[in-house]
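Working notes, beginning with the structure itself.
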Amino acid sequence: MNIFMKSGLILLAVSSLALPAQAAVHVFACEPEWAALAGELGGSDVDVYTATSALQDPHHIQARPSLIARVHNSDLVMATGAQLEIGWLPVLLRQSANAAVQPGNPGYFEAASYVKLLDVPTTVDRSQGDVHPGGNPHIQTDARNMLLVAAALNSRLQQIDPEHQADYQKRYEDFSHRWQDALVRWQQMAAPLHGIKLIAYHKGWAYMLRWLSMQEVGTIEPLPGIAPSAGYLAGLLKKQQGQPAAMVIYAAYQSSKASEWLGKRLHIPVVQLPFTVGGDDQAEDLFSLYDDTIKRLLKAAGH
Amino acid sequence: MRNTAVAWLLPCLMLAVPMAQAEPIDELKQLKMQLQLMQQKIEKLEAAQAKAAAERASEQAAAATQAAATQAAAQALPQMPEPVSNSRSDANAFNPQVSFVLNGGYNASSRNPALFSVPGFALGDSAALADRGLTLNESELNLAANVDNSFYASSTLSLPAGGGINVEEAYVQTLGLPAGLTVKGGRFFSDIGYINHFHPHHDDFIDRSLANRVFLNSIFAGDGLQARWLAPTDTFLELGGELLRGDRFPGGGAARRGTGSWDLFVHAGGDVGFSNSWLAGFSWLNTTSLGRSSFDNTGAVTGTFDGNSTLAIANLVWKWAPNGNPVDRNFKFQMELFGQRQGGAFNTLSYQSRQWGGYVEAVYQPVHGWDIGLRHSLVFAANRGGAVLPGGLFDSAGHRPNRTSLVLGYANSEFSHFRMQFSLDKSQPLTDYQLGLQYIMIIGAHGAHQY
């Protein structure tokens, strides 16, 4: 029996020596938008794994074994932060046996730390639903935030992989120029959306609403993370009947049922927005994500 | 007398209060001035940056009208040369995350729970059925946090309804060991099998399966050390072992100078497409018992065991969720198989046994908030030796104890759950019909759940 244990320990020791050589920086991106950004800035110097897809709710991901294995093998974990991933990322990090990506180390990056957060609650109580004490984490819905996160990610990549500093810097400058051009374009495109009132499924669009000067007059979820009841929906319908909002929006990963129900009764368009890269066929990279989002909003607004 | 005291005190207080306030007011003024200065500086900086950005934008966007470009650039956030993290923290940010689980319910059964036994098996103290009627179950207090950059610590205290405090778990785990190694020490739920390491409020059913209750006394925990190694592969592969004190069922008496139990386990898992994921494992538990007591359902000792037991567990979990999004619909299949061999003396009479068992369960969530589950569990024993007396504890009389449970669950949010469970308990030749109702409420920190 003792021999059994000893040989087991020796086996552990020997096999742990056989680590593979690392060529590129392995990035574990919690959401597709960060994977896309890491791809823009890292190019061929990074190998990006996307932990979630646009069809998954980033609040509710199961801490699957495959994700633990991927975090274990990564050099940089890129999360949104602001407690968006609180239900799953801490478990992955703790089980990953990877010292480099633990919070506080250069290998752990939280995008929301570099952006001014909106909807920071003054009181935190679960009777308000599943609120995020740090503020609204869905920062990617405002394209301007990408520039801030990109700047931070650029310096982080240079810190982790100093050998390719110049390459990161070059790609960052290129990206930031293209992005600024795009911001001007989107601003012009979205001009007709100014002041438009809408109903959203989840409080997930605060940043986009501010960016495009749109107004949210109601949410289909009565409280963040709480599914609507029939009674609540009837109340929302009644409240909206006089002067209805211009459209109902929901993210690709959310159920369309309640949104369709409300839109049909109010006779207003119901728009599925990609929310992140890969949320629909058109939103295939960061640039087309915002192009497509604005196009869909314009179409629903009748432009 | 009292009036004179008040008459003296009041003027004193009136004098003291303004004096005490004098200092803060000055500080406030200073702060305000500093703030105003800072604001002016920021405004200047912003104006300069906006101007610079506007110039750049107007150069690039030649086609765009000047007005639109200025507006856009003014709204585009100024670009920082050295990004600084603005992650906020407050004074109590260093406090551990605290969560508290309240649960209680109601149990009904057609047979008196005091008569419960599983023919052929000597049971531990937590294998019993719940009492009839309305009950408050154990409340659970969990405190957890990173100790520093190298350690994580977690402690779970349970507060039984009858009073007292039990330390369910209190462990420290490494975060920064090289080569995929993690070491855990203290008291913890063992990682053998699948469901064993979860706290019961995480379960889909009100109670653990018959097999878990019989072989692991519901939950196998221990004081000791655990080491795990995670393979550097894209498929999850984990090897681990534990060395434990050995005072917990199926061990007992802290044999081998307080190192009476050890186990080894291997877990593997992965994804199949976007919608499916799995986890499989095999575990091997060896315990030496010194005077291990076994109990009946009233808490009376049925005998003591000295000897050795080895338990092997094979487990498989398969989860499905459309596109990997379990929020609205999901399905979970779970099974564990147990095989145990025991040898030694029971009440000083010779005793050898081979025992098998297991459970299979499936839980389906058809709509957000609701789930329905079915579980079947079966155990049986082949015992030999002088301790096997006709009609006694180890005489299974050819009976194969089994139990089938159907559970209906509702969750208002992630933090509030209600369950109703019907069971057909054929642990003994006479069938027992059981009903259980349960609520679970979690307050405090948002815990992250393991797979």
Side-chain angles (χ1 to χ4, degrees), chain A residues 1 5 8 12 15-17 19-20 52-53 55-57 60 62-66 68-70 72-73 81 83 86-91 94-97 99 102 104-105 110 113-114 116 126 129-130 134 144-145 147-148 151-152 155 176-177 180-181 183-184 187-188 191 225-227 253 255, chain B residues 56-57 60-61 64 68-69 71-73 75-77 79-80 82-83 85-88 149 152 173 175-182 228-236 239 241 262 264 267 269-271 274 277 279 286 319 323-328 368-369 413-415 446 448-451:
Chain A
M1 187 276 310
M5 282 186 76
L12 284 184
S15 39
S16 58
L17 292 174
L19 287 170
T52 62
S53 85
L55 300 180
Q56 297 173 350
D57 183 344
H60 301 284
Q62 291 169 326
R64 301 193 309 277
S66 60
I68 297 171
R70 291 292 185 164
H72 177 57
N73 297 327
Q83 297 209 349
I86 188 140
W88 51 284
L89 189 58
V91 168
R94 214 154 54 231
Q95 293 215 298
S96 69
Q102 300 299 322
N105 292 311
E110 271 191 4
S113 308
Y114 302 95
K116 184 180 173 350
R126 291 246 166 79
D130 195 4
R144 295 173 302 178
N145 286 339
L147 219 46
L148 296 169
S155 36
S176 129
H177 283 135
Q180 275 165 3
D181 291 350
L183 281 175
V184 174
Q187 201 74 44
Q188 287 169 342
I226 306 283
Y253 70 81
S255 160
Chain B
R56 193 167 52 235
Q60 288 168 352
Q71 185 195 20
Q75 283 194 22
L77 292 169
Q79 191 186 323
M80 307 282 180
E82 277 294 314
S85 163
N86 69 353
S87 59
R88 281 164 294 259
N149 58 337
Y152 167 82
Q173 182 194 310
L175 296 169
L177 287 187
L181 288 169
T182 303
R228 284 191 316 233
W229 174 72
L230 192 57
T233 50
D234 285 344
T235 302
F236 176 78
L239 303 177
W262 60 267
L264 295 171
H267 295 144
D271 293 342
F274 277 114
S277 57
L279 177 68
N286 182 299
K319 292 189 187 184
N323 297 311
N325 186 10
V327 176
D328 291 320
H368 186 85
S413 71
E414 279 176 83
F415 310 101
H446 189 313
H449 290 305
Q450 277 180 262
Y451 181 80

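Below, chain A is the first sequence line, B the second, and so on; all start at residue 1.
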Name the region of A:I226, side chain, backbone, both or neither, that has any atom closer than 4.5 Å to a heavy atom of chain B. side chain
Quick check on B:L177 against chain A: is it the side chain, the backbone, both or neither that has a heavy atom closer than 4.5 Å? backbone
Under a 4.5 Å heavy-atom cut-off, does chain B meet the side chain of A:T52, its backbone, both or neither? neither
Could I get the full list of ring-ring contact (aromatic ring centres under 6.0 Å, His included) partners for B:H267, not counting sequence neighbours? B:F265
Sequence neighbours excluded, the answer for ring-ring contact (aromatic ring centres under 6.0 Å, His included) partners of B:H449 is B:H202
Mark yes or no for whether A:Q102, through its side chain, and A:A99, through its backbone, hold a donor-acceptor pair below 3.5 Å. no
Polar side-chain atom of B:E414 near backbone of A:G225 as donor-acceptor pair, under 3.5 Å: no
Looking only at atom types and distance, does a side-chain atom of A:W88 sit under 3.5 Å from a main-chain N or O of A:R64, one as donor and one as acceptor? no
Partner chain A: residue of B:N323, B:D234, B:V327, B:N149 with the largest heavy-atom pair count (under 4.5 Å): B:D234
Atom group of A:Q95 that falls short of 4.5 Å from chain B, counting heavy atoms: both
